[in-house]
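One structure below.
Since the structure is predicted, the reported quantities are computational estimates derived from the model, not experimental observations. By convention here, the first residue in the shown sequence is residue 1.
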Amino acid sequence: MEIFNLSSALFDIVGIAGFIGAYLLLIIAFAQNYHFNKLDLIVAIPFIIGFALVLRSLRSYVSGILLIEAIALGVILCLTAVTMIGAIYRGRINRRSAFFMALAAIILYGSDILVAYSMFHPDFQQFILWHQNALWISYMLGWLLLLAVVNDRHLHRAVS
């Protein structure tokens, strides 16, 4: 049983590290040549508050390296959301793709909140069909929207 707990914890540590890497790549891809401004800080407020509330509610269930990784992932997730939502008001890509990016950011943020609860909160760790389906559907929808953005032939606006 102890070996299972060790391998499960290692799986969680590696899994969170993978998500951190993926979101850092999204930030790099979508924030090229951009400097964050006051509007970005305003956009960040609900994500930061949401993350703080989730962290507070899960704090008694997570500790050690997983807590450090969860905090790092939460901060990076908030930064990713702000970067992607910023596409709407930065004007560098067309409106449709900017909207898809913003919607993907919100969906992926919500999906990762569900993942956090399913990983750390005992009430959500048991298999619940609607919970698992909501998690996978939201996750796939978020990445599908990003795939639509990447495949947009008219992604970038013409500079006048």
Asp112/Tyr23 under side chain to side chain donor-acceptor pair (under 3.5 Å): CA gap, chis, key distance, verdict = CA-CA 11 Å; Asp112 283 342; Tyr23 287 127; 2.5 Å; yes
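- Hydrophobic clustering (ILVMFWY, side-chain heavy atoms < 4.5 Å, transitive): Leu24 and Leu77 are in one cluster.
- Taking 4.5 Å as the limit, some side-chain heavy atom of Arg96 sits within range of a side-chain heavy atom of Asp152.
- By the rule that hydrophobic residues join a cluster once side-chain heavy atoms approach within less than 4.5 Å of another member, Leu79 and Ile20 end up as members of one cluster.
- No chain of hydrophobic side-chain contacts below 4.5 Å, direct or via other Ile, Leu, Val, Met, Phe, Trp or Tyr residues, connects Leu58 to Leu53.
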Going through the checks in order, is the side-chain contact (heavy atoms from CB on, under 4.5 Å) test met by Tyr117 and Val54?
-> CA-CA 8 Å; Tyr117 276 99; Val54 168; 4.0 Å; yes
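- Listed by first and then second residue, the ring-ring contact (aromatic ring centres under 6.0 Å, His included) pairs that reach into residues 50-93 are Tyr61-His121, sequence neighbours excluded.
- Contact of the Thr80 side chain with the Leu108 side chain is not registered, since no non-hydrogen atoms from C-beta on lie closer than 4.5 Å.
- Of the inter-residue distances, the one linking Ser138 atom OG with Trp143 atom CH2 reads 13.0 Å to the nearest 0.5 angstrom.
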When you look at Leu66 and Ile16, which way does the side-chain contact (heavy atoms from CB on, under 4.5 Å) test go after all the steps?
-> CA-CA 8 Å; Leu66 281 175; Ile16 292 173; 3.8 Å; yes
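- When every heavy atom of Ala105 is checked against every heavy atom of Ile85, the shortest pair comes out as CB-CG1, 4.1 Å.
- For Ser97 (side chain) and Ile93 (main-chain N/O), no donor-acceptor pair under 3.5 Å exists by modelled atom type.
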Check against side-chain contact (heavy atoms from CB on, under 4.5 Å), Val150 and Leu146 = CA-CA 6 Å; Val150 170; Leu146 288 178; 5.5 Å; no
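- Residues Thr83 and Leu26 are not in side-chain contact: their nearest non-hydrogen atoms beyond the backbone lie 4.5 Å or more apart.
- Within the 3.5 Å criterion, the main-chain N or O of Val62 finds a donor-acceptor partner in the side chain of Arg59.
- The closest donor-acceptor contact from the side chain of Ser111 to the backbone of Ile107 lies at 3.5 Å or more, if one exists at all.
- Two residues are said to be in side-chain contact when any heavy atoms from C-beta on lie closer than 4.5 Å; Leu55 and Leu67 meet this criterion.
- Each of Met84 and Leu41 belongs to its own hydrophobic cluster when Ile, Leu, Val, Met, Phe, Trp and Tyr are linked at side-chain heavy-atom distances under 4.5 angstrom.
- The ring-ring contact (aromatic ring centres under 6.0 Å, His included) check on Phe47 picks up Tyr109, with sequence neighbours excluded.
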Taking it one step at a time, do Asp40 and Arg90 satisfy side-chain contact (heavy atoms from CB on, under 4.5 Å)?
-> CA-CA 10 Å; Asp40 292 321; Arg90 288 187 195 123; 3.5 Å; yes
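- Atom CD1 of Ile42 is separated from atom CG of Asn37 by 8.5 Å, given to the nearest 0.5 angstrom.
- The distance from atom CG of Leu145 to atom CD1 of Ile106, rounded to the nearest 0.5 Å, is 10.5 Å.
- Taken from CD1 in Ile45 to CD1 in Ile49, the straight-line distance is 6.5 Å, to the nearest 0.5 Å.
- No side-chain heavy atom of Phe19 sits under 4.5 Å from any side-chain heavy atom of Ile76.
- Residues Ala104 and Gly142 share a closest heavy-atom pair of CB-O, 3.4 Å.
- To the nearest 0.5 angstrom, Ile113 atom CD1 is 11.0 Å from Ser118 atom OG.
- A single hydrophobic cluster is seen to contain both Ile71 and Ile27, as judged by linkage of ILVMFWY side chains at heavy-atom distances under 4.5 Å, directly or through other members.
- With a 4.5 Å cut-off on side-chain heavy atoms, Tyr139 and Val115 do not count as touching.
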